[in-house]
A.B. asks: 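Structure in structure tokens, see below.
Sequential numbering from 1 along the given sequence is applied to the chain's residues.
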Amino acid sequence: MEIHLNDNSMSGTEIISINGRLDALSSSALEEKIDPLTHNDSTSSLIFDLAGLEYISSAGLRVLLKTAKTCKNTSKKMILCGLTKTVSDVFKISGFDLILDIKPDLNSVKEALGN
């Protein structure tokens, strides 16, 4: 799994691009990278670009749910975008599509954030 962080510090937005598989083996690496961002006062939004994500397991879903809860408690926005059909199906089956903010692509996210 590859994780890329793109800091857009002017607006306090962090874009996290995830490529490959997010499973039990890789979810802890993601958690280590994003945990500091959820507690950073200068970060107002976390955007997860999942266009390159091929597979997500329950361990990956857990990391995203935990991050969403932390963001809610720290008044940060968390938006997911670019879900492939396979990943989108997992979100629908698990019900995560109903509890997480999901947009079709980065342009939709920028519109939602007013950028």
A.B. asks: Does any non-hydrogen side-chain atom of Asp49 lie less than 4.5 Å from one of Ile16?
C.D. replies: no
A.B. asks: Check whether any side-chain N or O of Ser44 sits under 3.5 Å from a backbone N or O of Gly12 as a donor-acceptor pair, and report yes or no.
C.D. replies: yes
A.B. asks: Which atom pair, heavy atoms only, marks the closest approach of Ser27 to Leu22?
C.D. replies: CA-CD1, 3.7 Å
A.B. asks: Work out which heavy atom in Cys71 is nearest to a heavy atom in Leu46; give both atom names and the distance.
C.D. replies: SG-CD1, 3.6 Å
A.B. asks: Is a side-chain donor or acceptor of Lys77 paired with a backbone partner of Leu113 at a separation under 3.5 angstrom?
C.D. replies: no
A.B. asks: Of Ile18, Thr67, Thr70, which meets side-chain contact (heavy atoms from CB on, under 4.5 Å) against Ile34?
C.D. replies: Thr67
A.B. asks: Can you see which heavy atom on Thr74 is nearest to which on Thr38, and at what distance?
C.D. replies: OG1-O, 3.6 Å
A.B. asks: Are Leu106 and Ile47 close enough that some pair of their side-chain heavy atoms sits under 4.5 Å apart?
C.D. replies: yes
A.B. asks: Indicate yes or no: does Glu14 engage Lys33 in a salt bridge with an N to O separation below 4.0 Å.
C.D. replies: no
A.B. asks: Would Phe91 and Leu64 count as a side chain to side chain contact (heavy atoms under 4.5 Å, CB included) if you check the C-alpha gap in whole Å, the side-chain angles of each, and the deciding distance to 0.1 Å?
C.D. replies: CA-CA 11 Å; Phe91 276 74; Leu64 293 176; 3.8 Å; yes
A.B. asks: Sequence neighbours left out, cut at 3.5 Å: what donor-acceptor pairs do the side chains of residues 96-104 make with other protein atoms?
C.D. replies:
from   : atom 1 : to     : atom 2 : distance (Å)
Asp101 : OD1    : Lys103 : NZ     : 3.3

A.B. asks: What's the shortest heavy-atom distance between Glu31 and Lys66, and which atoms?
C.D. replies: OE2-NZ, 2.6 Å
A.B. asks: Name all pairs fulfilling the salt bridge (Lys or Arg N to Asp or Glu O under 4.0 Å) condition that reach into residues 15-24, sequence neighbours left out, sorted by first residue then second.
C.D. replies: Arg21-Asp23
A.B. asks: Is there a side chain to side chain contact (heavy atoms under 4.5 Å, CB included) between Leu50 and Ile56 once you walk through the steps?
C.D. replies: CA-CA 10 Å; Leu50 305 181; Ile56 187 166; 5.8 Å; no
A.B. asks: With side chain to side chain contact (heavy atoms under 4.5 Å, CB included) as the test, would you mind laying out the steps for Asp105 and Cys81 before giving the verdict?
C.D. replies: CA-CA 5 Å; Asp105 53 39; Cys81 69; 5.5 Å; no
